[in-house]
**Q** 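Sharing a structure, written as structure tokens. Questions coming.
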Amino acid sequence: MGMKAGGRPGVLSLNINSKSALYAAFMPMLRNGGIFIPTTRTYALGEEVFILLSLMDDPTKIPIVGKVVWVSPANAQNNRPQGIGVHFNSDENAIAAKHKIETMLAGVLNSSRPTHTL
């Protein structure tokens with residue numbers, strides 16, 4: 001279920017180059033952490049996706065597998081961008097990514113600034 005032709009989940013590349021963009025995209029309320037990915041492609045809740053995440057100046061792309069837990073449709077209320085929220089799986093890569101993001105956002109995570117999802 002949720003597999004694209006060829007038997008591989010869709011690959012989404014996400015490049016986040018500022019702390020404010022990372023804050024807006026990160027979903028800390030999810031147990032394993034998660035991220036909002038702007039996309040015009042249609043995804044179903046529960047669908048598995050593969051993300052290649054680039055953060056700031058780090059040239060290393062982090063491969064993360066996760067499941068779609070949030071869908072913002074086109075023309076969503078509050079001018080939220082169209083896209084999906086992905087809950088990271090609990091594997092090592094995802095846990096490492098969550099820790100890396102939390103470290104980058106230290107001091108900003110408890111802010112009350114609005115994000116893309118809440």
Side-chain angles (χ1 to χ4, degrees):
M1 187 182 125
M3 299 301 252
K4 297 278 171 263
R8 286 194 56 218
V11 177
L12 291 153
S13 277
L14 184 63
N15 191 346
I16 295 184
N17 49 23
S18 74
K19 252 189 199 181
S20 58
L22 184 59
Y23 174 81
F26 185 52
M27 300 169 75
M29 75 296 284
L30 297 175
R31 189 168 40 109
N32 303 328
I35 199 120
F36 179 84
I37 302 173
T39 177
T40 52
R41 236 173 86 203
T42 308
Y43 287 88
L45 290 174
E47 186 169 347
E48 188 166 88
V49 291
F50 184 76
I51 305 162
L52 285 173
L53 180 64
S54 309
L55 296 172
M56 317 297 184
D57 304 324
D58 190 338
T60 314
K61 287 188 186 304
I62 309 166
I64 304 167
V65 176
K67 284 201 168 34
V68 177
V69 293
W70 178 286
V71 176
S72 288
N75 310 315
Q77 56 193 351
N78 305 335
N79 294 323
R80 287 205 175 96
Q82 181 178 0
I84 55 172
V86 177
H87 186 183
F88 298 162
N89 282 359
S90 54
D91 61 34
E92 280 177 34
N93 278 350
I95 290 165
K98 179 179 186 239
H99 288 306
K100 187 169 188 169
I101 292 168
E102 286 172 342
T103 303
M104 288 178 160
L105 291 178
V108 205
L109 270 182
N110 297 327
S111 151
S112 57
R113 295 198 331 239
T115 69
H116 289 324
T117 52
L118 289 177

**Q** About how many Å separate NZ of K100 and CG of L105, when rounded to the nearest 0.5 Å?
**A** 12.5 Å
**Q** Testing L12, I101, N15 one by one against L53 for a side-chain contact (heavy atoms from CB on, under 4.5 Å), which residue passes?
**A** I101
**Q** Using a 3.5 Å distance criterion without hydrogens, assess whether the side chain of D58 forms a donor-acceptor pair with backbone atoms of T60.
**A** yes
**Q** Step by step, would you call F88 with I35 a side-chain contact (heavy atoms from CB on, under 4.5 Å)?
**A** CA-CA 8 Å; F88 298 162; I35 199 120; 3.8 Å; yes
**Q** Minimum heavy-atom separation for Q82 and A74, please, with both atom names.
**A** OE1-CB, 3.4 Å
**Q** Specify the closest pair of heavy atoms between I37 and L14, including all atoms of both residues, with the distance to one decimal.
**A** CG1-CD2, 4.0 Å
**Q** For the atom pair CZ (F36) and CD1 (I16), what is the distance rounded to the nearest 0.5 Å?
**A** 10.5 Å
**Q** Search all heavy atoms of P81 against all heavy atoms of S72 and return the closest pair with its distance.
**A** O-CB, 3.4 Å
**Q** NZ of K67 to CG of N32: how many Å apart, nearest 0.5 Å?
**A** 11.0 Å
**Q** The test is side-chain contact (heavy atoms from CB on, under 4.5 Å); show your working for H87 and W70 and say whether it passes.
**A** CA-CA 9 Å; H87 186 183; W70 178 286; over 6 Å; no
**Q** To the nearest 0.5 angstrom, please state how far the NZ atom of K61 sits from the CG atom of L55.
**A** 10.0 Å
**Q** Report yes or no: do I95 and M104 belong to one cluster of Ile/Leu/Val/Met/Phe/Trp/Tyr joined by side chain heavy-atom distances under 4.5 Å?
**A** no
**Q** Report the C-alpha distance between I84 and R41 in whole Å, list the side-chain angles of each, state the deciding distance to 0.1 Å, and finish with yes or no for side-chain contact (heavy atoms from CB on, under 4.5 Å).
**A** CA-CA 9 Å; I84 55 172; R41 236 173 86 203; over 6 Å; no
**Q** On a heavy-atom basis, which atom in A97 and which in I62 lie closest, and how many Å separate them?
**A** CB-CG2, 3.9 Å
